[in-house]
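Take a look at the structure below.
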Amino acid sequence: MTQTSENVTWLTQEAYNKLKEELEYLTGPARTEISAKIAAAREEGDLRENGGYHAAKEEQGKQELRVRQLTQLLESAKVGEAPAADGAVAPGMVVTIAFDGDEDDTLTFLLASREYASSDIETYSPQSPLGSGVMGHKVGEDAQYELPNGKPASVKILKAEPYNG
């Protein structure tokens, strides 16, 4: 799980290893594969009308952007432990909140970096208005954050448990 403060990103050892593995793949086998695709498309002739060539070059650009993102993230990463199950909201926790104290209107989300975003659970960054508003609060407490329209909103922390995904 991650916790970001200024230029430091906290990662569990497992998360660090996973991101490092992805970076090694992208800078090794994936680069070789994309170079081969570009070379094969180049051999087909006129590059101005060669859709395969342009698609491969675009894929290469996206891949290199991801390499730069991962490199920057891992350079600033500090490896630490997953958050404690003490009921306090922290990065790496699955949090359930009730809007305006209405326990029928709830939201459950993972408080973590976008690196953890998945289709399994909604993810909010610790720097987002909601994320920073609930950070540090304990189960049973109320927390405030600012809506996009500038108005304040209140939520009640119902659950905060370490993410085990």
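What's counted below: heavy atoms across the whole structure, side chains too, no hydrogens, waters or symmetry copies.
Listed by chain and number, the residues in a side-chain hydrogen bond (donor to acceptor under 3.5 Å, both in side chains) with E33 are Y25 (sequence neighbours excluded). Shown here are the salt bridge (Lys or Arg N to Asp or Glu O under 4.0 Å) partners of E141, two or more places apart in sequence or in another chain: there are none.
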**Request:** Could you walk me through whether I97 and K156 pass the side-chain contact (heavy atoms from CB on, under 4.5 Å) test, one step at a time?
**Result:** CA-CA 5 Å; I97 58 170; K156 182 175 185 145; over 6 Å; no

**Message:** Set out, in order, the CA-CA distance, both residues' side-chain angles and the distance that settles side-chain contact (heavy atoms from CB on, under 4.5 Å) for L74 and K20, then state yes or no.
**Reply:** CA-CA 7 Å; L74 292 172; K20 185 97 171 131; 4.3 Å; yes

**Item:** Verdict with supporting geometry, V155 and D142, side-chain contact (heavy atoms from CB on, under 4.5 Å)
**Value:** CA-CA 6 Å; V155 295; D142 289 327; over 6 Å; no

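Here the side chains of L26 and R31 are not in contact, with every heavy-atom distance at 4.5 Å or above. In this structure the side chain of K37 never reaches within 4.5 angstrom of the side chain of Q60, judged on heavy atoms. No side-chain heavy atom of L110 sits less than 4.5 Å from a side-chain heavy atom of E122.
Checking side-chain atoms of N50 against main-chain N and O of E44 turns up no donor-acceptor pair under 3.5 Å. Between the side chain of S128 and the main chain of Y124, no donor-acceptor pair closer than 3.5 Å is present.
We find that K62 and E58 are joined by a salt bridge, their nearest charged nitrogen and carboxylate oxygen being less than 4.0 Å apart. Taking 4.0 Å as the cut-off between side-chain N and carboxylate O, K151 and E146 do not count as a salt-bridged pair.
Closest approach of M135 and P126 over heavy atoms only: CE-CB, 3.4 Å. Looking at every heavy atom in both residues, A88 comes nearest to K138 through CB-NZ, 3.9 Å. Of all the heavy atoms in V89 and V134, the pair that sits closest is CB-O, 3.3 Å. Nearest heavy-atom pair, I157 versus H137, reported as atom, atom and distance to 0.1 Å: CG1-CB, 4.0 Å.
Transitive grouping of hydrophobic side chains (ILVMFWY, heavy atoms separated by less than 4.5 Å) brings L147 and L107 into a common cluster. V95 and L158 are not part of a single hydrophobic cluster, where members link through side-chain heavy atoms under 4.5 Å apart. Under the 4.5 Å side-chain heavy-atom criterion for ILVMFWY residues, a single connected hydrophobic cluster contains both F109 and Y145.
Within 6.0 Å of CD on Q144 lie more than 12 heavy atoms contributed by other residues, nucleotides or ligands.
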